[in-house]
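Right, one structure below, let's go through it.
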Amino acid sequence: MMLRAGGKRLLGLGFVRQVAATPAAAATAVRSYHERVVDHYNNPRNVGAFDKKDPTVGTGLVGAPACGDVMKLQIKVDDNTGEIVDACFKTFGCGSAIASSSVATEWVKGKHIEEVLSIKNTEIAKHLSLPPVKLHCSMLAEDAIKAAVKDYEKKRDKLGHNKESALDTAEKAANA
């Protein structure tokens, strides 16, 4: 019972927030996670791993040394269409990092690899209502998506599929 109550306090749940009388008191008030963060933390989507040796799998492994968050995001791509047919993640980090990973895997599924490169950390942060101190979590998710696409394309190049990479196409579009 104590553990459950402590966990709810940690997440900012289970007690009524009171208005602070002074700015100093406001600074020490308990901050709570947005309900979407709590939902993705309690019920993370697409947790798992694919075989990284599979040529249709791209793996992005990124980390933030300052806070210790490490995120591995993997995509499984249909070689014929370039569509991401599945995605999964494993994240060691805070609730915001786990939620950002979970959202990222949901957003990339069913999209073309070029299309997912346009997913920005600001969109993830806005969707999860992340406070400024947690923006690095959404940045990790964006970086993990890009790293997974890059890894997939590197594997394709090794196999002799010399199509222009999605990263090159996205960069050309951004510069045009």
Side-chain angles (χ1 to χ4, degrees), residues 11 33-64 69-132 134-176:
L11 291 173
Y33 285 103
H34 188 274
E35 64 187 42
R36 284 192 200 107
V37 174
V38 174
D39 179 40
H40 278 276
Y41 176 77
N42 286 332
N43 306 297
R45 282 65 149 184
N46 309 307
V47 174
F50 300 132
D51 180 4
K52 66 181 179 181
K53 294 177 187 170
D54 183 342
T56 66
V57 171
T59 302
L61 183 63
V62 296
D69 292 341
V70 178
M71 187 178 293
K72 179 174 86 170
L73 187 138
Q74 292 181 298
I75 55 172
K76 187 177 282 249
V77 182
D78 181 328
D79 277 333
N80 297 322
T81 64
E83 182 181 305
I84 297 172
V85 294
D86 204 359
C88 63
F89 79 94
K90 284 189 178 180
T91 295
F92 177 80
C94 66
S96 297
I98 292 167
S100 295
S101 305
S102 180
V103 166
T105 59
E106 285 193 318
W107 286 6
V108 300
K109 282 184 178 183
K111 292 188 173 136
H112 194 274
I113 56 172
E114 290 178 15
E115 189 180 354
V116 301
L117 294 173
S118 68
I119 295 173
K120 299 294 177 210
N121 69 294
T122 52
E123 297 167 331
I124 295 169
K126 184 177 179 181
H127 177 74
L128 292 171
S129 299
L130 295 179
K134 292 295 184 178
L135 291 181
H136 67 280
C137 298
S138 61
M139 290 178 200
L140 282 177
E142 179 184 345
D143 292 345
I145 292 168
K146 289 179 179 173
V149 169
K150 186 174 183 178
D151 181 58
Y152 167 74
E153 290 179 338
K154 189 169 104 178
K155 287 179 182 179
R156 281 186 54 89
D157 289 346
K158 281 186 179 179
L159 294 173
H161 301 246
N162 291 328
K163 288 184 176 179
E164 185 176 29
S165 77
L167 284 173
D168 292 338
T169 305
E171 285 176 10
K172 286 179 183 177
N175 292 331

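The first residue in the sequence is number 1, and the count goes up from there. Please read all numbers here as calculations on a predicted model, not as lab measurements. Every heavy atom of this structure was used, including side-chain atoms; hydrogens, water molecules and symmetry mates were not.
Looking at Asn121, its side chain never comes within 3.5 Å of a backbone N or O of Ser138 through a donor-acceptor pair. Formation of a donor-acceptor pair under 3.5 Å by the His127 side chain with backbone atoms of Arg36 is not found in this model.
In this structure, CD1 on Ile113 lies 5.5 Å from OH on Tyr152, to the nearest 0.5 angstrom. Here CE of Met139 is found 8.5 Å from CG of Asp143. Values are rounded to the nearest 0.5 Å. Note that CD1 of Ile124 and CG of Leu135 are 11.0 Å apart. Values are rounded to the nearest 0.5 Å. Note that CG of Leu117 is 9.5 Å distant from CD of Glu142, once rounded to the nearest 0.5 Å. In this structure, CG in Asp69 is found 6.0 Å from CG in Leu140, a value given to the nearest 0.5 Å.
Closest approach of Ala49 to Lys72, counting heavy atoms only: CB-NZ, 3.9 Å.
Evaluation of the side chain to side chain donor-acceptor pair (under 3.5 Å) rule for Lys76 yields Asp54 as partners, not counting sequence neighbours.
For the side-chain contact (heavy atoms from CB on, under 4.5 Å) with Lys109, the qualifying choice from Ile75, Asn46, Val85 is Asn46, the only one to do so. Among Asp79, Asp151, Val77, the single residue meeting the side-chain contact (heavy atoms from CB on, under 4.5 Å) criterion with Arg156 is Asp79.
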Legend entry - Evaluation steps, side-chain contact (heavy atoms from CB on, under 4.5 Å), between Asp51 and Val57: CA-CA 7 Å; Asp51 180 4; Val57 171; 5.9 Å; no
Inset, instruction - Apply side-chain contact (heavy atoms from CB on, under 4.5 Å) to the pair Cys88 and Val47, showing each step before the final yes or no. - result: CA-CA 5 Å; Cys88 63; Val47 174; over 6 Å; no
Legend entry - Ile84/Lys111 under side-chain contact (heavy atoms from CB on, under 4.5 Å): CA gap, chis, key distance, verdict: CA-CA 6 Å; Ile84 297 172; Lys111 292 188 173 136; 5.6 Å; no
Inset, instruction - Step by step, work out the side-chain contact (heavy atoms from CB on, under 4.5 Å) result for Asp86 and Phe50. - result: CA-CA 10 Å; Asp86 204 359; Phe50 300 132; 3.6 Å; yes
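With a 6.0 Å radius and a threshold of 12 heavy atoms from other residues, nucleotides or ligands, Lys120 has its NZ atom above the threshold.
For the pair Phe89 and Pro44, the minimum side-chain heavy-atom distance is below 4.5 Å. For the pair Val149 and Glu153, the minimum side-chain heavy-atom distance is below 4.5 Å. Residues Leu61 and Met71 form no side-chain contact, since every pair of their non-hydrogen atoms from C-beta on lies 4.5 Å or further apart.
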Listing, residues 93-102 side-chain donor-acceptor contacts under 3.5 Å, not counting sequence neighbours, or none:
from   : atom 1 : to    : atom 2 : distance (Å)
Ser100 : OG     : Ser96 : O      : 2.8
Ser101 : OG     : Thr91 : OG1    : 2.6
Ser101 : OG     : Ala97 : O      : 2.9
Ser102 : OG     : His40 : ND1    : 2.7
Ser102 : OG     : Arg45 : N      : 2.9

